[in-house]
Amino acid sequence: VSGQAIPPRLGDRVHYVAEGSPLRDDGTQKYSSVCRAADVTEVDPASPHRVGLCVLNPLGIFFRPLEHGGSELGHAGGQWHHRH
Ligand SMILES: [Zn+2]
């Protein structure tokens, strides 16, 4: 999707893919990964699609700063993408 190439900016509202619950022995999950709203708090100048995020979960906020690895562009758990 061409829109995914747009670099994130500070303060953008994006989606963060929350990790689902741990895999069971049969490979299934009780809860699969799900999109959550998140605000871009940092953009890595060396890697403009790697960001720090403030993630707005329904029951609480958590931070994923660059110094803890940040979040890469994508649709897997732990990644961010533009709203859809
Ligand atoms: Zn999403």
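Numbering of ligands and ligand atoms starts at 1, following listing order.
- For the Zn ion (ligand 1), the set of protein N/O/S atoms nearer than 2.8 Å consists of His15 ND1, Cys35 SG, His81 NE2, His84 NE2, ordered by chain and number.
- Counting heavy atoms from C-beta on, the side chains of Cys35 and Arg83 never come closer than 4.5 Å.
- Side chain of Thr41 to main chain of Gly52: a donor-acceptor pair is present (N/O by atom type, distance under 3.5 Å, no hydrogens or angles).
- Taking CG of Leu53 as the reference point, atom CG of Leu66 lies at 8.5 Å (rounded to 0.5 Å).
- No single ILVMFWY cluster, assembled from side-chain heavy atoms under 4.5 Å apart, contains both Val40 and Phe63.
- Within 6.0 Å of atom CG in Asp26, more than 12 heavy atoms from other residues, nucleotides or ligands are found, so the atom counts as buried in its surroundings.
- Under the salt bridge (charged side-chain N to carboxylate O under 4.0 Å, His left out) criterion, the residue pairs touching residues 39-63 are Arg13-Asp39, Asp44-Arg50, with sequence neighbours excluded.
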